[in-house]
Amino acid sequence: GDTGCTLGRLRNRIDFINQLDTILIQLNQQLSQLAKFRTQCEKKFLQAKAEKDAVIRLIERVKLQKNAQLARLEQK
């Protein structure tokens, strides 16, 4: 009587724990993949930001050169 119910509950608990364990393994794998993806995205973001900053510096340099040219023409 009681022994059968207790064994049944124990089996259910063990099955439940096994399912949780499987789910945790899958979640850890997904978290690992997300971490890799995040690292790749951060690298691309930093590269794009560096390129943007370089373009901004080039534009500023061209503006300065243009202004210097205009100032020389005005002096003549």
Members sharing [X]'s hydrophobic cluster (side chains within less than 4.5 Å):
{"X": "Phe45", "value": "Leu46"}
{"X": "Ile23", "value": "Leu27"}
{"X": "Leu31", "value": "none"}

| query | Pairs in or reaching into residues 17-28: which pass salt bridge (Lys or Arg N to Asp or Glu O under 4.0 Å), with residues at least two apart or in two chains? | reply | none
Among residues at least two apart in sequence or on other chains, which ones pass side-chain contact (heavy atoms from CB on, under 4.5 Å) with [X]?
{"X": "Phe16", "answer": "Gln19, Leu20"}
{"X": "Gln47", "answer": "Glu51"}
{"X": "Ile59", "answer": "Val55, Lys63"}
{"X": "Arg9", "answer": "Cys5, Thr6"}

Could you state the interatomic distance from [atom1] ([X]) to [atom2] ([Y]), rounded to the nearest 0.5 Å?
{"X": "Gln75", "Y": "Arg72", "atom1": "CD", "atom2": "CZ", "result": "8.5 Å"}
{"X": "Gln26", "Y": "Gln29", "atom1": "CD", "atom2": "CD", "result": "7.0 Å"}
{"X": "Thr39", "Y": "Lys44", "atom1": "OG1", "atom2": "NZ", "result": "12.0 Å"}

Partners of [X] by side chain to side chain donor-acceptor pair (under 3.5 Å), sequence neighbours excluded?
{"X": "Asn18", "value": "none"}
{"X": "Lys49", "value": "Asp53"}
{"X": "Arg38", "value": "Glu42"}

| request: May I ask you to decide if Asn28's main-chain N or O and Ser32's side chain share a donor-acceptor pair within less than 3.5 Å? | output: no
